[in-house]
**Q** 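Please find one structure pasted underneath; my questions will follow.
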Amino acid sequence: MQLSLDDPLWDHLPGAYGVEDVRGPLSSLLEQWDPELCNTLLWDRLHHQEALYPATWAALPWLWQIAGRYEDAVAPLFDFFAHLLALAKRAPASYCAYEGLPLSGADLDHWHVSIPPAMIPPADALFEALVVWVEPWAVQVCRALSTLIEGADHAQAAHYLRGITAWEHPEHDNF
């Protein structure tokens with residue numbers, strides 16, 4: 001499920017530093033590829049200190065679309081996807097389906113959202129749909145990473161392999 005970029009729920013989805021503008025950069029990247037903007041979005045707003053967030057997961061379908069739209073976006077986005085796969089299944093909190101992906105809108109309270117969860121637009125359908133969407137998406141990413149390994153240098157190939165292995169065998173989280 002892809003949360004519309006004009007949905008008011010974006011104003012309540014926490015990222016790395018609380019609720020920040022994620023849909024603005026996503027909209028800009030859909031219109032024109034900008035590597036600096038992408039880097040800021042991925043590594044400053046959607047990921048921080050090996051943690052993922054509700055905004056990370058809501059942005060994923062859009063990032064996947066951007067990766068398919070711009071050839072220059074493939075390398076940075078698949079770097080991010082590999083890293084996300086490596087983190088997703090490592091001992092998520094009891095209120096998460098995967099690291100940072102809440103099971104319901106009420107679980108947004110765990111991120112210390114300033115607005116009470118009861119006041120947040122309904123998020124349950126989004127999170128339920130994302131949980132269902134993630135498995136087939138991850139299979140596609142793993143297949144793409146396997147292909148990208150062939151042309152990658154050793155360090156990049158190891159990074160891609162780490163994502164695949166951690167997703168397929170989360171019991172080896174220290175790989």
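In what follows, residues are counted from 1 in the order of the sequence shown.
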**Q** For Glu135, which residues count as a side-chain hydrogen bond (donor to acceptor under 3.5 Å, both in side chains) partner, sequence neighbours excluded?
**A**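 By the side-chain hydrogen bond (donor to acceptor under 3.5 Å, both in side chains) rule, Glu135 matches Tyr98.
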**Q** Trp57 side chain to Glu99 main-chain N or O, any donor-acceptor pair under 3.5 Å?
**A**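 Yes; at least one donor-acceptor contact below 3.5 Å.
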**Q** With a 6.0 Å cut-off on the ring centroids, do Trp43 and Phe80 count as close?
**A** yes
**Q** Does Ser104 have any side-chain contact (heavy atoms from CB on, under 4.5 Å) partners at least two apart in sequence or in another chain, and if so, which?
**A** Ala106, Asp107, Asp124
**Q** Checking Tyr53 now: which residues fulfil side-chain hydrogen bond (donor to acceptor under 3.5 Å, both in side chains) with it, not counting sequence neighbours?
**A**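 With neighbours one apart ignored, the set is empty.
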**Q** Ignoring hydrogens and angles, tell me if any N or O in the side chain of Arg45 forms a donor-acceptor pair with the backbone of Ala16 under 3.5 Å.
**A**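 Side chain of Arg45 to backbone of Ala16, a donor-acceptor pair under 3.5 Å: no, none is there.
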**Q** With sequence neighbours left out, what residues match Arg143 under side-chain contact (heavy atoms from CB on, under 4.5 Å)?
**A** Val139
**Q** Quickly, which of Asp72, Leu29, Ile66 forms a side chain to side chain contact (heavy atoms under 4.5 Å, CB included) with Leu77? Name it, please.
**A**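 Between Leu77 and the candidates, side chain to side chain contact (heavy atoms under 4.5 Å, CB included) is satisfied uniquely by Ile66.
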**Q** Any sub-3.5 Å donor-acceptor pair from Thr165's side-chain atoms to Leu161's backbone N or O?
**A**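 Looks like yes, one N/O pair under 3.5 Å.
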**Q** Under 6.0 Å between ring centres: does that hold for Tyr95 and Trp111?
**A** yes
**Q** Determine yes or no for a side-chain-to-main-chain donor-acceptor pair under 3.5 angstrom, with His159 supplying the side chain and Asp79 the backbone.
**A** yes
**Q** With sequence neighbours left out, what residues match Asp11 under salt bridge (charged side-chain N to carboxylate O under 4.0 Å, His left out)?
**A** Arg23
**Q** Report the residues that fulfil salt bridge (charged side-chain N to carboxylate O under 4.0 Å, His left out) with Glu20, sequence neighbours left out, ordered by chain and then residue number.
**A**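 Salt bridge (charged side-chain N to carboxylate O under 4.0 Å, His left out) list for Glu20, sorted by chain: empty.
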